[in-house]
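The structure appears right after this line, and notes come after that.
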Amino acid sequence: MKKILFLLTVLSIVSCGEKKEDNGKLQVVTTTTMITDLVENIGGDLVDVNGLMGSGIDPHLYKASQGDVMKLDGADVIFYNGLHLEGKLVEVFEKMNEQGKTTIAISDGVSEKSLIGSEYFASNYDPHIWFDLTYWNEITYYVTEKLIELDPENKLAYEANRDAYRLQLIDLRAALNVKIQELPKERRILVTAHDAFNYFGRTFDFEVVGLQGISTATEAGVKDVQRITNFIIENKINAVFIESSVPRRTVEALQAAVKAQNHDVKIGGELFSDALGSAGTIEGTYIGMYKHNVSTIVNALK
Ligand SMILES: [Zn+2]
């Protein structure tokens, strides 16, 4: 008993130490880098944002560390993707919710009717919603609304940040549309390491093929590699893509399988799918990530 009490005391001291002294700012914890970037854009100087996952991290496989639990414990609000993207964190969020913590799934900000269905997820939906620019705009509004509910005094500032960011998203869409036009419709076939690009495909009229199922929790099998090898040869596809948050070996195995049939397919470059690039780089923002992906795809396939 004494031991347990001692442990509890140590834990509570540690967790107090972890909490920043009260600087009056809303303490926000986010999961993926896309959500971290969004909340930083809307929250600006008014919030402290603490992202759990860094660049190159796969959210499907991510497990909370003891340090994460402390961060979550010190948060005023937790923003996560939902739709079972963060498959191994669902229980942690449920526990936080039971403790009275505000947890918000950004996917609640989009209309369920238009979501792409998926049998791979307990949610029955494809969770890679950030690649739909219309959703991302809706989510920008949703997150702003939630921040204002928690911090109504700063309503006008949040709204101003939201409106400025919204304009950037409009510019982004225009720039992407121009770039995509360089690629004729018949070349718009995207083969990637895992099935993260269905919303991208719907937005920009691409056929999308993922080597691993929609979640990286399932490995690509020999059959998948064979099926996609045939697909590449039949459709004369000249490039396939690796992803920063997925090991490249499955795509390399695919490339080797195509070569074994006396055809060539190049690796067209690295895409940022479930995580942004490193903080401080252009690809470390949602907008930079999207531009990078589209120019990498268009330049390799055209
Ligand atoms: Zn994914």
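Whatever order the structure lists them in is the order used to number ligands and atoms, beginning at 1.
Under a 4.5 Å side-chain heavy-atom cut-off, the cluster of Ile, Leu, Val, Met, Phe, Trp and Tyr residues that includes Ile170 is completed by Leu167. Taking a 4.5 Å side-chain heavy-atom cut-off between Ile, Leu, Val, Met, Phe, Trp and Tyr, the cluster of Val69 extends to Val29, Leu52, Met53, Ile57, Tyr62, Leu72, Ile78, Tyr80, Leu89, Val92, Phe93, Met96.
Asp58 lies apart from the Zn ion (ligand 1) in this respect, since none of its N, O or S atoms is found at a distance under 2.8 Å.
Using a 3.5 Å distance cut-off with no hydrogens or angles, the side chains of Asn198 and His128 do not pair a donor with an acceptor. Between the side chains of Asp274 and His194, at least one donor N or O lies within less than 3.5 Å of an accepting N or O.
When you scan the N, O or S atoms of Asp274 for the one nearest the Zn ion (ligand 1), you land on OD2. For His60, the N, O or S atom with the smallest separation from the Zn ion (ligand 1) is NE2.
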